[in-house]
Chemist: 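Take this structure first; my questions come after.
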Amino acid sequence: MKPGMSLMKHYLQFKDLRAEEYAYLLERTAIIKKRFKNYEKYQPLADRTLAMIFEKASTRTRVSFEAGMYQMGGSVVHLTTGDSQLGRAEPIEDSARVISRMVDLVMIRTFEQSKLEAFAAHSRVPVINGLTNEYHPCQILADIFTFIEHRGSIAGKTVAWVGDGNNMANTWLQAAEVLGFTVHVSTPSGYEIDAAVAGIKNANCYKVFADPREACRNADLVTTDVWTSMGYEAENEKRKLAFADWCVDTDMMAVAQPDAVFMHCLPAHRGEEVTAEVIDGPQSVVWDEAENRMHVQKALMEYLLLGRIG
């Protein structure tokens, strides 16, 4: 274990941090973002190295982590499946033992959460979940920061999740439990959320709706994702039929709160999970949301490596 890392934390799912830690992280994100916007040099991670391991390709995750680490003064090592196949060329545990001796922080974007957990269990340095089949905590952290920027505290608010009961939906449920808001979930039959995978204890933090429009009623935030997540492409045509009524459109936004915002983690397919009128309309904050991945991840990396500042 490296000096100063006796209280090492990993960020493998949203519930790994407590509400007061999120309050701190969100506050730090605002400070770090303001510095970035003002072109103020801030490099607390000089001489630190982030290893990024991608078993699932990504545009936003790579750019946000890589640019963010460079802006914080650190360096980045980028590994794809061609360079490093977790658990194939060598056991995951061995990869973790080796890589974590050479870098200060590891971000992994992979398929099964179990791979991420096996790596973290044998890592000397903090491990961050850049996305797994089960969870996407960095994205939800960015979404919550974006909501706060536009509308203030998310505590007590209602988030409508329309679409697949996937890693994003699971993570929204965890966030609702930790931060004290409610998620209205509407998925087609056969694509429901699995509360056991989400791992929440408070069943009152979410409600399930058969009708997506009803899920959106009085919501403060309406959000969705692609109908076919990476790794499920073979189901694409079947999913298009099943999800046809789960396209977020102006009718759904009309029953939400008048000042409701729309989010999407991207990439988006206009005319499938969301209409162009909504994603390109005045209630959409998706571009701020995408940019904020970088800012929240900078705050997260700072926290995992340096602890609380000040």
Side-chain angles (χ1 to χ4, degrees), residues 14-15 19 22-23 26 136 139-189 191-195 198 200-227 242-266 268 270-290 292:
F14 198 91
K15 65 180 183 181
Y22 281 113
L26 294 162
H136 199 357
Q139 182 64 56
I140 301 303
L141 184 55
D143 293 1
I144 287 166
F145 178 75
T146 305
F147 185 87
I148 291 167
E149 272 193 318
H150 285 269
R151 296 290 182 263
S153 174
I154 198 166
K157 297 293 198 292
T158 299
V159 174
W161 175 262
V162 177
D164 193 12
N166 62 8
N167 51 5
M168 286 286 291
N170 291 335
T171 309
W172 270 117
L173 294 194
Q174 289 194 357
E177 184 171 59
V178 174
L179 300 179
F181 58 91
T182 304
V183 183
H184 286 182
V185 178
S186 184
T187 68
S189 177
Y191 299 94
E192 295 88 355
I193 52 163
D194 184 339
I200 56 169
K201 293 170 185 167
N202 177 13
N204 295 323
C205 69
Y206 75 101
K207 296 176 187 172
V208 176
F209 293 79
D211 181 349
R213 197 162 175 269
E214 287 308 307
C216 294
R217 192 170 299 282
N218 298 321
D220 301 285
L221 162 59
V222 177
T223 183
T224 189
D225 192 3
V226 294
W227 290 341
F243 283 78
D245 293 333
W246 276 261
C247 174
V248 178
D249 56 17
T250 50
D251 287 347
M252 289 190 197
M253 294 304 296
V255 298
Q257 293 286 0
D259 66 345
V261 292
F262 172 77
M263 292 190 193
H264 190 308
C265 61
L266 304 176
R270 289 166 177 79
E272 286 189 20
E273 71 275 4
V274 61
T275 63
E277 290 87 349
V278 171
I279 194 169
D280 299 318
Q283 289 173 284
S284 173
V285 294
V286 297
W287 316 117
D288 288 345
E289 177 190 4
N292 283 335

Chemist: Are the side chain of Ser186 and the backbone N or O of Phe209 linked by a donor-acceptor pair below 3.5 Å?
Modeler: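 It does hold such a pair.
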Chemist: Quick check: does any side chain N or O of His184 sit under 3.5 Å from a backbone N or O of Ala215, one acting as donor and the other as acceptor?
Modeler: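 A pair under 3.5 Å: yes.
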Chemist: Can you find a heavy atom in the side chain of Asp164 that is under 4.5 Å from one in the side chain of Trp246?
Modeler: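 No - every pair of side-chain heavy atoms lies 4.5 Å or more apart.
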Chemist: Is any side-chain heavy atom of Met253 less than 4.5 Å from a side-chain heavy atom of Val248?
Modeler: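 Side-chain contact under 4.5 Å: yes.
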Chemist: Answer yes or no: is there a donor N or O on one side and an acceptor on the other, between the side chain of Thr158 and the main chain of Ala219, under 3.5 Å?
Modeler: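 No, the answer is negative, given that no donor and acceptor are paired below the 3.5 Å cut-off.
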Chemist: Is it the case that the side chain of Tyr22 and the backbone of Phe14 share a donor-acceptor pair, with hydrogens and angles ignored and the cut-off at 3.5 Å?
Modeler: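 The answer is yes, because a donor-acceptor pair under 3.5 Å joins these two groups.
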Chemist: Between Trp172 and Phe181, how do the two ring planes meet: parallel, tilted or perpendicular, split at 30° and 60°?
Modeler: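 Trp172 vs Phe181 ring planes: perpendicular.
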Chemist: Do we see a donor-acceptor contact under 3.5 Å between the side chains of Glu273 and His264?
Modeler: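 Result is yes, a qualifying pair exists.
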Chemist: Is it true that a side-chain atom of Thr171 and a backbone atom of Asn167 form a donor plus acceptor pair closer than 3.5 Å?
Modeler: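 Here the side-chain-to-backbone pair exists.
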Chemist: Between Ile144 and Leu26, is there a side-chain heavy-atom distance shorter than 4.5 Å?
Modeler: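 Touching, per the 4.5 Å side-chain cut-off.
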Chemist: Residues in ring pair (Phe, Tyr, Trp, His ring centres under 6.0 Å) with Phe262, at least two apart?
Modeler: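 If we apply the ring pair (Phe, Tyr, Trp, His ring centres under 6.0 Å) test to Phe262, skipping adjacent residues, there are no hits.
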Chemist: Does any N or O in the side chain of Arg270 come within less than 3.5 Å of the main-chain N or O of Asp280, such that one atom is a donor and the other an acceptor?
Modeler: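 No, Arg270 side chain to Asp280 backbone: no donor-acceptor pair under 3.5 Å.
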Chemist: Is a side-chain donor or acceptor of Glu289 paired with a backbone partner of Asp143 at a separation under 3.5 angstrom?
Modeler: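 No; judged by distance alone, with no hydrogens or angles, the pair does not exist.
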Chemist: Looking at Asp245 and Arg213, is there a salt bridge between them, counting it only when a charged N and a carboxylate O are closer than 4.0 Å?
Modeler: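 Here Arg213 does not pair with Asp245 in a salt bridge, since their nearest N and O are not under 4.0 Å apart.
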Chemist: Any side chain to side chain donor-acceptor pair (under 3.5 Å) involving residues 173-183? Give me the pairs, sequence neighbours left out, ordered by first then second residue.
Modeler: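 Residue pairs with at least one partner in residues 173-183: Gln13-Gln174.
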